[in-house]
Amino acid sequence: MIDTTTKIASLKLRNPTILASGIMDEDAGSMKRIFDCGASAVVTKSIGLESRAGYPNPTFAELEHGILNAMGLPNPGINEFEGEIRKLKDSNVPMIGSIFGSNSHEFVELSKKMQNYGVDALELNMSCPHAKGYGLETGSDPKLVREITSKVKESTNIPVFVKLSSNLTDIVEIAKAAEDGNADGIVAINSVKAMKIDLELKMPVLANKTGGYSGMAIKPIGIRCVYEIAKNVDIPVIGVGGVTTGEDALEYIMAGASAVQIGSGVYYRGVDIFKKICREMECWMENHNYTRLSELIGVAHK
Amino acid sequence: MNSPQIAKITEAKTENKDVKTFMFEYPKKMIPGQFFMIWIPGVDEIPMSVSYIDKDVKGITFRKVGEATNALFDLGKGDKIGIRGPYGNGFKINGKQILFVGGGTGIAMLAPAVEEAGINNISLTIIIGVKNSSELFFEDRFKKCGAEIHISTDDGSKGYKGFATDLADELLSKEKFTSVLTCGPEIMMKSLLDLCKNIPFQASLERYMKCGVGICSQCCIGEGLRVCVEGPVFDGKTLRNIEDFGVYKRDATGRKIRF
Ligand SMILES: Cc1cc2nc3c(=O)[nH]c(=O)nc-3n(C[C@H](O)[C@H](O)[C@H](O)COP(=O)(O)OP(=O)(O)OC[C@H]3O[C@@H](n4cnc5c(N)ncnc54)[C@H](O)[C@@H]3O)c2cc1C
Ligand code: FES
């Protein structure tokens, strides 16, 4: 028997594949479907205090080796989202509530509500590459990252993960700031700020002009970030960015991740990618005589 | 690749005061009921069903209802739009005798399905439901397919005075249809499903769309069914199990809006 269970802080997961925020997670039904497709936990769409329509379309474009998006943090607002979380809670799906705010007060208020509605952990989105006043603008200041994390920790009692961007001069510094603020885990990386210009129309394709690039193309960047973070902090790391196959997932795990999140992979391999990746990981482990996934976490650091 | 391909409008036709058809070169294979994401540069990108299917040329037929469709309406022959797709599943066209029920702009996307059924020698009956006779279009196109056409108007300005569903009720009790295909206001389609009982049923749904390729979950109904991938056409059995059908949709923020 191959054991692919994993643990991040107090969160015990049946396998290391988690649905990444922003993909198939705006409503309870979609998240339930993804859980039934094999994901061990789901991260909700990033939720703010007020409802937001996000940016106008085009918000999505496929590029040569990945996906570009600028959704602009659309969400119904935390109060309206309560119904979705409570509904999902009834189906026993492990849930990580993703939230975004522009200051620690907003993050604290959102965290308390999320905990109250029943999420199993929190993910603080401090890395959205394309939302003015949110995301990356908060997540690039170590003092702010530490302050927000510690205030959220003080006012909640579930695991708190901080999601970071690769669009930083020093990702390790920010990861350490989150650890200093008592984060229970680091999630890296969010999509990479990018642009696509249409030659015929001579203009950017996305309505917001810039967006976040995800998929295969960013995997090497994610691997590098996870490796550097894992080397420098003592809390668990969750790897995200271009995980499409079981081997991609294992690469993140060897770099030091305790679990991976899958987002654009759903586009490339369908909603049942979670099961497929688990099977591929098990296959690899069997062929290489490993029985427990935990034996592989961080092995590349030797 | 799922990125907008820029095409020139090769032909523009005004169907009535609010409805236009644009043709453009788009050589991909499509089936009736599938749709495009149409980019109106600098304005928006919106879902639009295919209304004409030829090998190299495709068409869309749309009503101006808001910012994006108004901007599209102002374009004409020679203007450029971005196109991606085809998306979605499309209709399954089979059986001996099909009843089509089109409400409002829904008539547009039914047209290629009617034509295909005609080519396959399926006997065709069409109900076109509109508020007022000035909103009618495609009547001649349906006549050419050899269809039996029934028109209902809310105000009685042409044909039957009343709802398309009342007319459908009458026809369903008189004739044995092997299936019912519909596109129109969701409340209408829901009443129609109730009338259809055991008759195989397919309805094309509309939901707010962003990615169009099944990742953003903006268009999801029931337990994560993506209208842009598993839809937009759903059968009666599936629709009977979806609590959202005919009850609510979601706006761009994800909030529920009751019909
Ligand atoms: C699969 C599908 C096929 C469609 N086919 C046709 C067609 O063949 N002909 C036609 O006239 N219309 C069609 N529509 C509807 C068309 O997309 C909307 O009329 C259009 O998006 C309105 O945009 P607007 O800015 O003009 O109006 P707005 O004032 O922005 O909105 C008017 C209505 O359109 C809806 N809408 C706006 N943006 C979107 C969006 N991105 N996705 C879905 N709905 C939106 C709004 O929710 C609202 O109900 C289709 C919709 C879908 C989902
Ligand atoms: S529009 Fe994004 S999932 Fe359907």
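Proteins come first, then strands; the chains are lettered A, B, ... in the order of their sequence lines, and each starts at number 1.
In this structure, A:Lys45 contributes its side chain and B:Cys216 its backbone to a donor-acceptor pair below 3.5 Å. In terms of modelled atom types and a separation under 3.5 Å, the side chain of B:Ser3 and the main chain of A:Glu62 share a donor-acceptor contact.
For B:Gln5, no part lies under 4.5 angstrom from a heavy atom of chain A. Using a 4.5 Å cut-off between heavy atoms, B:Lys80 contacts chain A through its side chain alone, with no backbone atom that close. For chain A, the nearby parts of B:Ile215 are the backbone and the side chain; heavy atoms of each come within less than 4.5 Å. Heavy atoms closer than 4.5 Å to chain A are found nowhere in B:Val229, neither backbone nor side chain. For A:Leu68, no part lies near chain B; criterion is any non-hydrogen pair under 4.5 Å.
In this structure, B:Cys220 SG and A:Met24 CE are separated by 4.0 Å, a value rounded to the nearest 0.5 Å. Distance check, rounded to the nearest 0.5 Å: CD of B:Glu223 to CD1 of A:Ile34 gives 11.5 Å.
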Intermediate values then yes/no, side chain to side chain contact (heavy atoms under 4.5 Å, CB included), A:Glu200 and B:Lys8: CA-CA 11 Å; A:Glu200 283 297 311; B:Lys8 266 197 191 134; over 6 Å; no

Steps toward side chain to side chain contact (heavy atoms under 4.5 Å, CB included) verdict (A:Glu80, B:Thr253): CA-CA 10 Å; A:Glu80 175 94 11; B:Thr253 74; over 6 Å; no

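Minimum heavy-atom separation, B:Gly214 to A:Val266: O-CG1, 4.4 Å. The heavy-atom pair separating A:Pro56 from B:Val43 by the smallest distance is CB-O, 4.4 Å. Nearest heavy-atom pair across B:Cys211 and A:Met71 is CB-CE, 4.4 Å. The two atoms that bring B:Ser217 and A:Ser30 nearest to each other are CB-OG, 3.8 Å, heavy atoms only.
Salt bridge annotation for A:Glu26-B:Arg207: absent, with no cationic side-chain nitrogen under 4.0 angstrom from a carboxylate oxygen. At a threshold of 4.0 Å, the pair B:Glu230-A:Arg33 counts as salt-bridged, since one of the basic side-chain nitrogens sits closer than that to a carboxylate oxygen.
Here the side chains of B:Met37 and A:Asn57 are in contact, with some heavy-atom distance below 4.5 Å.
Per-residue heavy-atom pair counts under 4.5 Å with chain A were compared for B:Ile40, B:Ile46, B:Asn2, B:Asp44, and the maximum is reached by B:Asn2.
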